[in-house]
Amino acid sequence: MPSRISHEHFVSAHSSLRLGSWRRTGIINVTLASVCGLSLLICFFISISKPESSLYTSTIILESECSNTSNMIVLLHLLVNIFSTLVLASSNYFMQIVASPSRKEIDEAHKYLHSLDIGIPSVKNVQFISSFKKICWFVLALSSLPIHLFFNSVIFGTTFEGADWHLTIATEAFTHGGEFFPPGASLAPAGSPHPAYKYDGRTYFPPNSSYPYYYDFQYGGAISLEQYKNETSPIIQNITKAATKGINWSILDPDACRAEYTACKPRQQYRDVVVVVESSASNADGWSRREVYNLDADLSLTWDPYVPRNNTNSLWYSTQCTITQRADVVQSICETGDCHFIAVDYTNGTKPSDWVIDFHRSSNITNHLDQQGPFGYNEKFNNLAVKYCLAEAGSMTCKVGVSNMLLMVIAICVFTKVAQCSIILWKLPRSSLVTPGDALESFIINPDLQTTGLGTLDIFDSHQLETQPHWYWSLDGISRLDSEIKPRRWLPSTRSLFSVMPRMVWTRTYGLLLFSMAVLVFGLASSYLSNNFSLQGPFGPSGENRATGIGNSGYLGALITANTPQLLLSLCYVSYNTFFTRLQVEREWNSYGLKYQPLRVSFPAGEQTSTYRLQLPFKYSIPLLSISALCHWLLSNSLFVYISEGGYWVGDGVVGAQGYFHVSDPAFISLGYSPPAILALFIVACILIPLPFLFSLRKLRCKMVAGGSDSLVLAAACHCYASSAPSVKSPNNQPQDSGNELDDWEDRLRELSRSKLKWGAMPLSNDMAEAVDDGRGRSVMHLGFGGESTIIREPIEGEWYV
């Protein structure tokens, strides 16, 4: 008869392997991971086949308007995070499988009064499992690191933030065909506020002085006067462009123009500008040289080839300007540029919107002008009232690229996981106790001798056995409980899930969550301070993002710095998921005290059931996976590798990676951050962190020992007494004709494990009654599982149980 039952057990298990159990879900996970891996591999080969692409460079997949590339980056990062969530979820599934102990591994741990985790993700179990399962677990864990650290950086985007722009100050006639003579009626070459300044080949400095002081930082880039004779020089080309095309540029009122060109912001929406001013001269079309300067004979000869004495000149001044932002590790520093003189406002009007440029006041050169008798400057023309501006619309081209090396690394890691998970499906013995039902079945068939008579043992007792010193002595050094079975008084209380979670579980879960929250708050505060006390800005990588210096580190250092928070977030998710899994295990465990029901096992037989899941049903697992993908996506948009072309950002950044990303040499590569994305992640975190506590406030319906995931608790509840062989039903709930009654005790227990079970109080078996040491004649009952043939009731407060 035993051989017949053993054969049936094998057939049932084999059938379950084909049609159900955790392996079916495992095959689905491997299939999903394989699809992800193949997709990445195809993308890799397509990418490196593009012109100018190789394994050691990136591939530009889109070069378009920055608004288009920005949207594409957000969508691609969302897709990347969905892929990574699926792959890591599959990996975590199999890590929980291999961390599930076998009965032999549990017995070895119980010898030293160590409990193992059943039905939940566990690092604690790793030290007790077999070498094969340890290797599998570590391969899956280590192959996850590159996915955490590099996957979000496989896709990168560039932004354009211009630093250079050309400033022209002129009358309205300048863009309507009026005459103009460079460098303008001010006679000031670009980079100088006055013709009296001396040029040393690099910059201008005041008369009778050897120091340029700061004037070259206020009036644009300095050029020699001779360049105005060269029709092909950049300065002449820019002035000509402004004169001929400026009429078609966008019209800005003085307030909008001043906000655009005097603020610390890159040139994106607008580039070059013509500031249209009133001439204050006799002719509204411009200025004549004789009105502005009364030059002596020698100076007149010098300037006649450039600016005629009597002609009306519609051009006052023109120069090339630069504005930059220096990225610093602590705080970005705005360098307002070398055309700061237009920000010096001398308002003499009655309207708040009046904007008057004091051309010489910003350089404080009035005394020099008075002393230079040969120039005879008329101070009447110091103040230039702005009428409006003509701004050239900016053309911003950004790029979206793929890092081929990182893509290959991720693909290798994914296929490593696929291979390892396939080996687990093929080689992992069915002796692993994956679900609490698997462990209960094993403990019922073969009771654990270490926990005999400990029916009242709960998870708090188990933790005390593990953590507190044991006062005993034995020859072989193995921990043993007292051989005498002593009853324990039942003192129940109305319990919630909160009360059955050990303090260490709360500490681990909320310790990690609160530490991560502190890091997030620090990041939010830092972004607020460095973003001019504001959390406004674009969401995710964009041309308006903030950048921070990283101390001239390499690309790998920038990658690790940008993505290390992703690893911390994954640890938080695992802890978060484990906590909810504990809650679900405890609810399932507690339900056995309410009614008779079959065990949920990996390989069902008799009335046992099997499900697609390890523990968490879809109503928990799908929202948790969605939350994980959302948080990783928000984090990828909060902190990222930032690539900016145009020269606006300067400072400490990644050195020597411009060629790898196919960007210009002045491009700035560093870390970027988005305050709105950080704020969004903070809000989501504030919503998520209280949820474990709120879910744990749900009341447990049965007054039952706690600890459905603790192997010692499970073992203590499974010292069953099979009074007779219960009838066995098939999975379709039809009675099976067993032929005759089973005589063997182990066969009776096996059949009991296949039937419907309930936990509660029942009379002591004869052998247990003999072992119980009461000494006071009290009525003692047994707590544990029993079948439908056994009368089981709820424990009563004040009574004694073993």
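These numbers come from the heavy atoms of this one structure, side chains and all, not from hydrogens, waters or symmetry mates.
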Does [X] use its side chain to pair, donor to acceptor, with the backbone of [Y] at less than 3.5 Å?
| X | Y | answer |
| --- | --- | --- |
| S186 | Y317 | no |
| D272 | E392 | no |
| E179 | F174 | no |
| S70 | C66 | no |
| S636 | W633 | yes |
| H662 | S58 | yes |

Should Y642 and L671 count as side-chain neighbours, where that means a heavy-atom distance under 4.5 Å?
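Counting from C-beta outward, Y642 and L671 never come under 4.5 Å.
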Parallel, tilted or perpendicular: which describes the rings of F381 and W316, with under 30° parallel and over 60° perpendicular?
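The arrangement is tilted - the two ring planes meet at 30° to 60°.
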For the residue pair F661 and F156, categorise the inter-ring angle as parallel (less than 30°), tilted (30 to 60°) or perpendicular (more than 60°).
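Plane angle over 60°, so perpendicular.
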Look up atom [atom1] in [X] and atom [atom2] in [Y], then write down how far apart they are to the nearest 0.5 Å.
| X | Y | atom1 | atom2 | value |
| --- | --- | --- | --- | --- |
| I235 | S224 | CD1 | OG | 11.0 Å |
| I678 | S527 | CD1 | OG | 4.0 Å |
| N238 | T168 | CG | OG1 | 7.5 Å |
| D164 | T324 | CG | OG1 | 10.0 Å |

K387, NZ atom: more than 12 neighbouring heavy atoms under 6.0 Å
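Counting other residues, nucleotides and ligands, NZ of K387 exceeds 12 neighbours.
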So that I know where these two stand, are Y293 and W303 an aromatic pair - ring centroids less than 6.0 Å apart?
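Not under 6.0 Å, so no.
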Positive for side-chain hydrogen bond (donor to acceptor under 3.5 Å, both in side chains) with N152, one of N81, N637, N563:
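The side-chain hydrogen bond (donor to acceptor under 3.5 Å, both in side chains) with N152 is passed solely by N81 among N81, N637, N563.
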If you draw the axis of the six-membered ring of F160, does the NZ or CZ of R267 fall within 45° of it and under 6.0 Å from the ring centre?
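No.
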Could you work out, with side-chain contact (heavy atoms from CB on, under 4.5 Å) as the rule, every residue matching S250, not counting sequence neighbours?
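Expected list: Y270.
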N404 side chain to T59 side chain, donor-acceptor N/O pair below 3.5 angstrom:
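There is such a pair (donor and acceptor under 3.5 Å, judged by atom type) between the side chains of N404 and T59.
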